[in-house]
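Hydrogens, waters and symmetry mates play no part in the numbers below; they use all other heavy atoms, side chains included.
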Amino acid sequence: MAIIDVIKYDGSPDVFAWKHPETELGTWTQLIVNQSQQAILFKDGRALDMFGPGRHTLSTANIPILNRLVNLPFGGKSPFAAEVWYVNQVSALDVKWGTANPIQIQDPKYNIIVPVRTFGQMGIKISDSRKFLVKLVGTLPEFNQANMINYFRGLIIMNINSMLSSYLIHRKVSVLEINAYIAEISRHFADTIASTFEEFGIELINLYIHNVNLPEEDPSVIRLREALARKAEMDIIGYTYQQERSFDTLEGAAKNEGSMQSDIMGAGLGMGMGVGLGGSFSSEMSQMSKVMSTKETPAVSICKQCHHPNQENSAFCSKCGNSLAEKSAETTDCNNCGHALPKGTKFCPNCGDKYHACPSCGADNAENALECIQCHQPMPSPCPNCSHMNSGHTKFCGNCGTGLSLKCSRCQHEVKPGQKFCLDCGNNLQEGGQA
């Protein structure tokens with residue numbers, strides 16, 4: 001076999017490692033290494049001499065380790081057997097990855113198991129050529145991006161599965177809302193698997209999750225989307241699932257005029273449903289029957305506290321006792337001077353103080369009030385990160401996603417950013433009392 005005089009590699013940039021097909025070399029052979037490449041000589045499976053960019057002549061100065069191992073004479077062109085590996089150290093920023101099969105995750109918000117698929121892209125660079133060849137490449141003649149994805153797919157899927165599950169459970173975020181947190185998840189995912197890549201001589205430059213989605217054709221996903229669409233429709237119209245089922249039952253009985261249910265319903269409505277069923281249920285059934293006969297909106301008063309339907313002229317809810325009377329007062333007292341302040345105005349006509357209305361009851365409050373002085377509901381507060389105003393019960397900023405919910409270190413009661421004392425136990429929150 002002829003001795004090779006010149007060795008070089010000008011292959012595809014997506015190849016991370018390539019072995020020269022010839023192993024019969026000779027002293028004074030020219031070894032050409034391009035920029036962003038490294039060449040390593042192997043003898044009997046051991047990584048020996050390493051060469052950086054440039055033209056190298058295989059001589060005593062360049063292959064001292066191999067010379068000690070083989071004891072080559074350098075008086076002439078001495079042949080010897082060795083393998084030459086080229087390692088590409090260019091940063092590869094377009095290595096795409098994804099889950100081949102959907103991951104089964106339980107949605108913490110709706111308690112249903114749904115399949116989740118994730119896709120992304122990462123950037124890597126070979127930082128330690130010797131470690132990369134010895135630990136990962138082995139006896140392969142070539143190692144490219146496809147080999148890289150096949151080797152690390154199990155690592156990626158295992159970590160993305162556990163990370164997504166723990167993130168959803170701890171944050172109480174639905175799978176349908178997960179794309180709003182992709183940037184934060186990507187950073188956490190990159191920090192998790194970077195150390196594993198370093199063990200193989202690979203530097204993880206960046207990692208991005210492009211999308212987390214649900215297969216549209218999966219039965220569980222279809223049921224979940226239908227249920228959410230139905231719930232949104234009921235919220236817009238203003239009735240509950242129990243009320244809808246009651247309407248359906250009564251309408252079915254009314255349509256079947258010759259059935260026993262229709263006779264019982266007619267008798268019950270005629271007698272006022274008074275024996276054994278109670279006056280409250282009698283009034284509700286009367287209102288529902290009126291709806292079916294007139295096809296109009298039922299004349300009932302819905303309790304704003306428990307959403308229970310009551311008689312039209314009822315003063316109090318028959319279920320929870322809450323007052324059903326509408327507040328007729330269209331004014332409230334100014335928080336600064338006590339002057340009557342018409343609702344809807346922006347400033348007090350007496351002292352000029354700005355009207356900070358409670359979103360629940362409309363009472364005027366101080367500018368930095370954490371809860372309403374009248375109904376004690378949380379007041380809107382600005383996000384400490386972007387100053388966006390959020391409602392009192394909001395736990396994450398609707399503009400930037402910053403967490404707004406803090407807890408008292410003593411009693412774990414929820415407090416708002418900027419609050420000085422815990423409203424439950426009085427703990428001083430300015431002296432490290434927030435958790």
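Heavy-atom minimum distance, Ala357 versus Gly362: CB-O, 4.3 Å. What you find for Lys96 and Ile149 is that their closest heavy atoms are O-CD1, 3.2 Å. Of all heavy-atom pairs between Asn159 and Ser162, the closest is O-OG, 3.2 Å. Annotation for Leu48 and Ile40: closest pair N-CG2, 4.4 Å, computed over non-hydrogen atoms. Residues His339 and Pro349 come closest through the heavy atom pair CD2-CG, 4.0 Å. Nearest heavy atoms, Cys397 versus His388: SG-CB, 3.9 Å.
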- Task: Just do the side-chain contact (heavy atoms from CB on, under 4.5 Å) check on Phe16 and Phe132 with the steps written out, would you?
- Result: CA-CA 10 Å; Phe16 294 108; Phe132 174 71; 4.0 Å; yes

- Message: Let's go through Ile126 and Asn88 carefully: what are the C-alpha distance in whole Å and the side-chain angles of both, what is the deciding distance for side-chain contact (heavy atoms from CB on, under 4.5 Å) to 0.1 Å, and is it a yes or a no?
- Response: CA-CA 7 Å; Ile126 309 302; Asn88 186 4; over 6 Å; no

- What's the verdict on side-chain contact (heavy atoms from CB on, under 4.5 Å) for Phe51 and Leu58, showing C-alpha distance, side-chain angles and the deciding distance? CA-CA 10 Å; Phe51 302 89; Leu58 299 185; 4.0 Å; yes

- Carefully, step by step, assess Met163 and Ile160 under the rule side-chain contact (heavy atoms from CB on, under 4.5 Å). CA-CA 5 Å; Met163 188 194 62; Ile160 196 71; 3.6 Å; yes

Do any side-chain atoms of residues 191-209 form donor-acceptor pairs under 3.5 angstrom with protein atoms, and if so which ones, sequence neighbours left out?
residue: Thr192; atom: OG1; partner: His188; partner atom: O; Å: 2.7
residue: Asn206; atom: OD1; partner: Gly123; partner atom: N; Å: 3.0

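Screening Thr99, Ile185, Asn179 against Val212 for a side chain to side chain contact (heavy atoms under 4.5 Å, CB included) leaves a single residue, Asn179.
A heavy-atom distance below 4.5 Å is found between the side chains of Met148 and Ile124. Side-chain atoms of Glu142 and Lys19, non-hydrogen and from C-beta on, never get closer than 4.5 Å to each other. A heavy-atom distance below 4.5 Å is found between the side chains of Cys303 and Asn310. Between Thr57 and Gln30 there is a side-chain heavy-atom pair separated by less than 4.5 Å. Taking the side chain as every heavy atom from C-beta outward, Ile32 and Ile7 never approach each other to under 4.5 Å. Residues Leu31 and Val84 form a side-chain contact, since some pair of their non-hydrogen atoms from C-beta on lies under 4.5 Å apart. You'll find the side chain of Ser174 stays beyond 4.5 Å of the side chain of Pro108, heavy atoms only. When side chains are defined from C-beta on, Trp18 does not count as touching Trp85, because their heavy atoms never get closer than 4.5 Å.
Atom CG of Asn350 is separated from atom SG of Cys337 by 4.0 Å, given to the nearest 0.5 angstrom. Residue Tyr181 holds its OH atom at 10.0 Å from CG of Leu168, rounded to the nearest 0.5 Å. Between the NZ atom in Lys172 and the OH atom in Tyr167 there is a gap of 14.0 Å [rounded to 0.5 Å]. Taken from CD in Gln377 to SG in Cys361, the straight-line distance is 8.5 Å, to the nearest 0.5 Å. The CD1 atom of Ile63 lies 15.5 Å from the CE atom of Met50; values are rounded to the nearest 0.5 Å. Within the model, atoms NZ of Lys8 and CD of Gln37 stand 9.5 Å from one another, a figure rounded to the nearest 0.5 Å.
Here salt bridge (charged side-chain N to carboxylate O under 4.0 Å, His left out) pairs that include residues 98-120, with residues two or more places apart or in two chains, are Lys109-Glu177. Residue pairs meeting the salt bridge (charged side-chain N to carboxylate O under 4.0 Å, His left out) criterion with at least one partner in residues 159-171, sequence neighbours excluded, are Arg171-Glu184.
Taking Ser165 as the reference, Ile105, Asn161 meet the side-chain contact (heavy atoms from CB on, under 4.5 Å) condition, with sequence neighbours excluded. Residues passing the side-chain contact (heavy atoms from CB on, under 4.5 Å) test with Asn335 are Asp364, Ala366, Ile373, sequence neighbours excluded. Checked against ring-ring contact (aromatic ring centres under 6.0 Å, His included), Tyr151 has the following partners two or more places apart in sequence or in another chain: Phe143.
Using modelled atom types and a 3.5 Å distance limit, the side chains of Gln89 and Ser36 yield no donor-acceptor pair.
Ring geometry for Tyr86 versus Tyr9: interplanar angle of 30 to 60°, hence tilted.
Checked by atom type and distance alone, the side chain of Glu83 never pairs as donor or acceptor with a backbone atom of Lys43 at under 3.5 Å.
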